[in-house]
Every structure is written in C-alpha cells, then in structure tokens.
Amino acid sequence: MRTFLFGLGAWLCGLAVQAADFDYALKPRALAAGVYVIEGAVADFEPANGCNIINTGFIVTEAGVVVINTGPSKRYGEQQRAAIRRITPLPILRVLNLNLHPDYFFGNQAYADLGAYALPGTQRGQKAEGAAYENNMYRLCGDWMRDTVATPATRAVEAGHLQLGGRKLTLLHLSGHTPDDLVLLDETSGVLFAGGLAFHARVPTTPHADLPVWLQSLDQLAALPFRIVVPSHGPVAASEAPITQTRSYLRWLDATLRDAATRGLDINEVLATPIPEPYRSFAVLPTEFMRNVTHLYPRYEQKALGDPLSRD
Amino acid sequence: MRALVFSLTFILAGTAHAAPPPPDPFGSGLWPDVHAEFLGREPVVFDDRVKVVAPAFAEDPMAVPVSVDASALGAVSRVVVLVDRNPIRKVLEFFPQAARPVLAFRFKLQQGSPVRAAARTADGVWHLGGTWVDGSGGGCTLPGGTRSDGSWVRTLGQVQGRMFDHGDASRLRVRIMHPMDTGLVSGIPAFYLDELQLRDDAGTAYMRILTFEPVSENPVFSFDLGTRPAGSLHLQGRDNNGNLVAARIDQQKP
C-alpha cells in the first residue's frame, strides 16, 4: 500500500500542472479498448492543481465520442477536447455531466456548439447553483478560471440503454450524493463511470448528500456487472473498492453523527471526533470531514431535539 | 464657554490617559476600536484559560459553530462574543448566573476575522480568548433559508429543546425558530431575538443572554448548567419587535 501511495505521489508530481501557461497537462489513459480516463489530483481544489481534482473520461465508439464530465474550467474543457482530438478524429456525439457539481460541468463552454446532456434535476441544479460556484471557483483557483462562465447542460438525458457506434451504454438515474446522480456503464468493456456516488482513498463530499439514499444507490451500483470503477475522485480501481470504501465511510459517518446528536454534542465537539483507522489515510482530511459535519449534523441534531415544545 | 472648554480638555486628557490595550495576538488593526467600543477601555488580559473553538474555515458563513469555555477562570459575571471584521461586531452577551460560563452556538461571518470571547471576572478584568476563522464570506448580507422561502412566519418563536446528561450535571440544547435578519440585506429590516432567560421550577436563574443580529438563523444554543435543575426549565425570550418566546423543557424520562 505504501509503495502504491509512493508511486501515486511520484506520478502526481510528474503531472504537476504548469501555472505559467495554465496547462493542465491532461493525459488520457486507456482503461479498455476505446475507454479513457483523464485523472485529476486526489486533493482539494487548490491553485497548485488548477482545481483539477476530478476524473473525467471519454468513450470512443465507431461513430464518435461520448465525453463524461467536462472539468472545473473553460480552460479544462478546451484542453480536454484537444486531448480527445489527439486520440481520435471522430466527432463528439454526446457530452454528459454526471451531476450538478462545478467540476462536472464547468468545461461545458468548450462544447457550447454541441450542448451538454444531464438529468433534468441536474440541469436545474446547475442553473440554480452556477453563480455561487463561479464565485467560489474563481476565489479558489484564480486565473485557472479565466473566462469561465457557468454553462449548464442544455439537453436532458434519461436513464436507459444507449446504442452508439456499436457500443451498448447503460445510463442509471440514482441519487444520494446529489438529488440526481447519473452513472454510466459501458457494457462492452465493463467500465463503470460511477460519478459522485463512489469515492476512492478520499473523503466523500456531501453538500447535497442524503446518506440513507446514497447507501441504497451504492447497493445498486455493487450489483452491476462492472470490471473497472472510475470514481469521480480518487484512483481508478479494477475492483469494487471505491464502492465498498464509500459505503463503509458513509455508514460510519451516519452512526457517528446519530450517536453525537443523541449525546447532546455541539458541532465543534463532533468535529473533534477521532477518525478511525480505515479512513485516516483518506485524502482531504480533516477538511472534508469538517464539511461533512457542517452539512449533515444539523439534521441529526434537529431530530434528537424532538418536536417543537408547547408554549409555556 | 470657558467651562465647556475646560470640561472638554478634561475629557480629552482623561481619554489620553487611558492605558492602551495590550497588543492583539492576531495583530488585528481593529482591536483598539473593539476594546474601546465593547469593553469600555477596561483592563484586559489575553488569557488561554478562555477557550474559543471554531473551525479554521467557515464552510457555511451563515452558521459558523463557536464554542466558548471560560470555566477555568472560576466565577465569571459576563461573556461577550465579538467578531472584529463583521459589520455588526457584537454577536452576544452572556450572563452565566447559575450556569457555567460555557456556551456553544452558531453565528454569521462576513469575512475572515478574529472571533473573540471576553470573560469578565469579579475584579473587573476582561480575560480574552479567541481564534481566527477564515471564510469565503457574505454571511451577514444574505437572507436566511426561511426568509428566502417565506416559511419563517409559520415557525416564528417555536422552540425545540432537550436536557442531556453531561457528566454529573445537565446540558441544555435548544433551537429557537427565528429568521435573525441582520438588517444588512436590501429591503429586510433587522429582526432578531435580543434576549433569552432560563430558570427552573425552583426559580433558580441559570443564565441571561443578549443576542444580536449576527447570531445565526434558527439558532441552536448549548448551555452547561453545572447542576441538575429542579424540575423543568423555563426559557423566556423576546425579539426586537416584541415577539415572545416561552417554552418549558422537561427532564428526560429515564
């Protein structure tokens, strides 16, 4: 494991982005015939990584390309499109945003001639949150964001099977990480693009999370006939590790918050909870745990405080 | 006129002679103003025994959790929570009475700032603790969720509350439904809870608290009572428009 992390560290250093020319140095990596991932840093949004912390991907069919997520900025979208072009001259058929979070769709500007697809709930969420995301991303990553304007998906996608250029793709409409989580399984290769539902070696993000629903969705994911899982954040795995890890962490988080609320703890006391061993090596600790508690604890606390009291 | 000039000279001289406050560990240029405006230029020491805990970064600038514990000082008559860089700096004043000088709640943060608690001991000295909270900001100038969706009218003044075992004493946690409008959002006047008091069936006064605009919407407070109260607790309060809060919190059935 240590060797693995060392290797990963060295690899990420090699990937180090060059701020001077704002080049993300995107390197598509083939996971199977025609299926590529472009890996982001396993870290938090930072100027040092240009806010590139997401794994995007694309599938080259005989008829053209399906793009999965467009990254954190206009620059990313443009560089992603150029990287795809270096691999295939085929046209881009579909651009998919798997959920409403900014790094899933802030590169949509580079595909404005085509228009991106997302679940209808995701489209609404992108519209509602776009301006706040712009503020936050510009604040966090500065000039990496130059000329980026939140560009929500203009086309609605539905769950179901998609036959494209000789490939059979399955789209699933799940939820829990956000109200509308799109998942894509390439039946031909068994590569599962799990979107925000599966994290790997990194603490899950929870600004729109509903833990019980998320856990149900993970059960559905685990039952799919996949061979490789591409989580949106964290290393690609040829196992179900991203699913089982995410499930284990969310169960622990749910139990921890419920127990704390029952004991009458205040948020700062919950934040002081020691993180147990299996999760202590996850990336973006303690920051992401702090966010988890901030997002989720008020619901547990309100439940523990009971019904409104009658007037005295 | 001569008398006026004389008095004026006297006042100015008096001001000039007030000892400057000790230098601020956070190096905030606003500290001398904060000291003058909220602590009446009274004697001040920076004191690690006043513990102020908050996250280093305000993930939700409209609800930043802060916990204050001044119990290491012994008897404390008053605790003031101040945020230097907020447009409204005074968040609350807490008179612990029978309760311990310990409380936790959430507040609105407008930008990264020192967050301070000043605890006054019987000798008239303010003991100051603090922490720095960074944030993307804007917490004081955004409407709260129940203001935005209009639901506040259906819940105004509702209280949820429960006593918890806390060592050999009790902790009270309460949530009071109130929009806590700061008056800094266009077209929405300041509308906030300004006083809460707590006593038990035997009439023991546990605490009084003066709350101001920066306390978060639908505030949740934790109070460490130090003892187990006799019977039920009675929370009474009021907002700046005269709406009353009145709730009874019973002991948990074993």
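Chain naming here is simple, since letters A, B, ... match the order of the sequence lines and numbering starts at 1 in each.
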Problem - A:Glu301 bridged to B:Arg173 by N-O distance under 4.0 Å - result: yes
Give, for atom [atom1] of [X] and atom [atom2] of [Y], the distance between the pair rounded to the nearest 0.5 Å.
| X | Y | atom1 | atom2 | answer |
| --- | --- | --- | --- | --- |
| B:Arg106 | A:Ile267 | CZ | CD1 | 3.5 Å |
| B:His234 | A:Asp312 | NE2 | CG | 5.5 Å |
| B:Phe223 | A:Asp266 | CZ | CG | 10.5 Å |
| A:Leu309 | B:Leu235 | CG | CG | 9.5 Å |

Quick one: what part of [X] sits under 4.5 Å from any heavy atom of chain B, side chain, backbone, both or neither?
| X | value |
| --- | --- |
| A:Leu271 | side chain |
| A:Ala261 | backbone |
| A:Glu269 | side chain |
| A:Arg139 | side chain |

Handout entry: Pairs satisfying salt bridge (Lys or Arg N to Asp or Glu O under 4.0 Å), at least one member in residues 139-155 of chain B, at least two apart
Key = B:Arg147-B:Asp181
Handout entry: Choice from A:Leu140, A:Thr262, A:Asn135, A:Asn136 maximising heavy atom contacts with chain B below 4.5 Å
Key = A:Thr262
Problem - Residues of residues 248-260 of chain A with any heavy atom under 4.5 Å of a heavy atom in chain B - result: none
Exercise: identify the closest heavy-atom pair between [X] and [Y]:
| X | Y | answer |
| --- | --- | --- |
| A:Gly264 | B:Arg171 | O-NH1, 2.9 Å |
| A:Ala304 | B:Arg162 | O-NH1, 3.1 Å |
| A:Pro308 | B:Gln158 | CG-OE1, 3.5 Å |

Under a 4.5 Å cutoff for heavy-atom pairs, which residue among [options] has the most contacts with chain A?
| options | result |
| --- | --- |
| B:Ala56, B:Ser136, B:Ser67, B:Gly157 | B:Ser136 |
| B:Ser222, B:Ala247, B:Ala104 | B:Ala247 |
| B:Asp165, B:Leu172, B:Thr155, B:Leu244 | B:Leu244 |

Exercise for the section: Quickly, which of A:Val293, A:Thr294, A:Thr287, A:Asn268 forms a side-chain contact (heavy atoms from CB on, under 4.5 Å) with B:Pro55? Name it, please. Expected result: A:Asn268
Problem - Whether over 12 other heavy atoms sit under 6.0 Å from A:Arg146 CZ - result: no
Handout entry: Donor-acceptor contact below 3.5 Å, side chain B:Gln160 vs main chain A:Asp307
Key = no
Could you check if a side-chain atom of [X] sits within less than 4.5 angstrom of a side-chain atom of [Y], using non-hydrogen atoms only?
| X | Y | result |
| --- | --- | --- |
| B:Glu59 | A:His295 | yes |
| B:Val220 | A:Gln302 | no |
| A:Met290 | B:Phe57 | yes |

